[in-house]
Amino acid sequence: QLGCYTPVLSGDGHDMAGGLLTIGQIGDNEALQQAVGDAFSGASLSIASEGNRLIVQMHQPGLLRPLSAAELSDGTLRYLLLVAALLSPRPPQLLVLNEPETSLHPDLLPALGRLITQAARQTQVIVVTHANRLLSALEDAQASRYTSDEDSDDTALPDWQPIHLEKDLGETQIANLNESEIPRWEWLSA
């Protein structure tokens with residue numbers, strides 16, 4: 001990818017390297033490296049430049065050289081795209097993740113749940129998922145936020161409201177809430 005400042009990832013993710021580099025330079029590089037190391041057991045990420053091109057490199061323990069993006073699996077690349085979107089230095093007011101578990105190895109879902117929970121501190125996040133393991137990871141990440149010593153200020157914690165849907169004779173219904181418990185939708189003001 002041509003190297004450029006990328007505070008917001010494009011819709012198709014073609015500027016992932018620039019997005020990751022921008023996070024590392026003006027965003028939260030510690031959170032970026034933690035998200036990669038959490039998901040890939042001690043791995044780290046760097047962005048190399050070759051002329052005016054950026055190259056994503058993943059360093060993994062035990063390998064003698066870093067792996068380039070061309071050598072990474074589709075699931076690993078998808079996870080890195082989610083990292084770039086969720087750690088954006090300029091987060092949107094609303095971020096909707098539709099089935100983010102698609103193409104990800106199930107072992108990545110706990111790390112993804114922690115990453116989504118972290119991003120929810122900066123923006124409103126809606127996650128649509130069919131993966132019970134991701135739902136459990138989100139619930140575990142949220143529970144650990146409430147019991148963590150580092151988060152003594154409850155106002156810093158995002159609200160959490162899981163809504164479970166089920167089909168009944170072709171009609172989709174909310175399974176875990178009564179009508180009075182359904183959260184009100186409020187459009188964000190400009």
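For the pair Leu112 and Leu86, the minimum side-chain heavy-atom distance is below 4.5 Å. Within the 4.5 Å cutoff, no side-chain heavy atoms of Asn98 are placed close to those of Ile126. Residues Ile174 and Leu165 form a side-chain contact, since some pair of their non-hydrogen atoms from C-beta on lies under 4.5 Å apart. Put simply, the side chain of Pro110 does not reach to within 4.5 Å of the side chain of Asp140, judged on heavy atoms. Contact annotation: the side chain of Leu81 approaches that of Leu9 to within less than 4.5 Å [non-hydrogen atoms, C-beta and beyond]. Residues Pro66 and Met58 are not in side-chain contact: their nearest non-hydrogen atoms beyond the backbone lie 4.5 Å or more apart. Counting only heavy atoms from C-beta outward, the side chains of Val96 and Val125 never approach each other to under 4.5 Å. A 4.5 Å side-chain heavy-atom check between Pro89 and Thr22 finds at least one atom pair inside the cut-off.
Other residues, nucleotides and ligands place no more than 12 heavy atoms under 6.0 Å from the CD atom of Glu50. By the neighbour-count criterion of 12 heavy atoms within 6.0 Å, atom CD of Gln173 is densely surrounded, having more than that number from other residues, nucleotides or ligands.
Minimum interatomic distance between Thr123 and Leu95 (heavy atoms only, all atoms of both residues): OG1-N, 4.3 Å. Ala35 and Val83 get closest at one heavy-atom pair: CB-CG2, 4.1 Å. When all heavy atoms are compared, the tightest approach of Ala141 to Gly113 is CB-O, 3.7 Å. Taking both residues in full, the closest heavy atoms of Leu54 and Cys4 are given as CD1-N, 4.2 Å, listed atom of the first, atom of the second, then distance. Nearest approach of Leu109 to Ala131, heavy atoms of both residues: CD1-CB, 4.3 Å.
Between the side chain of Tyr79 and the backbone N or O of His105 there is no donor-acceptor pair closer than 3.5 Å. For Asp74 (side chain) and Ser103 (main-chain N/O), no donor-acceptor pair under 3.5 Å exists by modelled atom type. Side chain of Thr76 to backbone of Leu72: no donor-acceptor contact under 3.5 angstrom is found. At least one donor-acceptor pair under 3.5 Å links the side chain of Ser88 to the backbone N or O of Arg90.
Judged by distance alone, the side chains of Ser44 and Gln33 never bring a donor and an acceptor atom under 3.5 Å apart. Using a 3.5 Å distance cut-off with no hydrogens or angles, the side chains of Ser10 and Asp12 do pair a donor with an acceptor. Between the side chains of Thr6 and Asp15, no donor-acceptor pair is found at a separation under 3.5 Å.
Taken from CD in Gln25 to CG in Leu20, the straight-line distance is 11.5 Å, to the nearest 0.5 Å. Summarising the geometry, atom CD belonging to Glu101 is positioned 5.5 Å from atom CG belonging to Leu134; distances are rounded to the nearest 0.5 Å. Atom CG of Asn176 is separated from atom CD of Glu166 by 9.0 Å, given to the nearest 0.5 angstrom. Atom CD1 of Ile47 sits about 14.5 Å away from atom CZ of Arg53, to the nearest 0.5 Å. The CD1 atom of Ile23 sits 9.0 Å away from atom CG of Asp28, with the distance rounded to the nearest 0.5 Å. In this structure, CG on Leu138 lies 7.5 Å from OG1 on Thr129, to the nearest 0.5 angstrom.
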Quiz item: Can you check side-chain contact (heavy atoms from CB on, under 4.5 Å) on Val128 and Leu97, steps first, answer last?
Solution: CA-CA 6 Å; Val128 179; Leu97 301 175; over 6 Å; no
Practice problem: Verify salt bridge (Lys or Arg N to Asp or Glu O under 4.0 Å) between Asp107 and Arg133, making sure each step is shown before the conclusion. | Solution: CA-CA 9 Å; Asp107 290 346; Arg133 190 162 181 191; 3.4 Å; yes
Exercise. Go through the steps to decide whether Leu104 and Leu82 satisfy the test side-chain contact (heavy atoms from CB on, under 4.5 Å), and finish with yes or no.
Key: CA-CA 11 Å; Leu104 295 184; Leu82 287 165; 4.1 Å; yes
Quiz item: side-chain contact (heavy atoms from CB on, under 4.5 Å) between Leu87 and Gln118: does it pass, once the steps are laid out?
Solution: CA-CA 9 Å; Leu87 293 179; Gln118 179 180 349; 4.0 Å; yes
Exercise. Could you go through the side-chain contact (heavy atoms from CB on, under 4.5 Å) check for His130 and Glu99 one step at a time?
Key: CA-CA 7 Å; His130 296 280; Glu99 299 182 21; 3.1 Å; yes
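Counting only residues at least two apart or on different chains, the side chain to side chain donor-acceptor pair (under 3.5 Å) pairs with a member in residues 57-67 are Ser46-Gln57, Ser46-His59, Arg65-Glu71.
No single ILVMFWY cluster, assembled from side-chain heavy atoms under 4.5 Å apart, contains both Val8 and Leu21.
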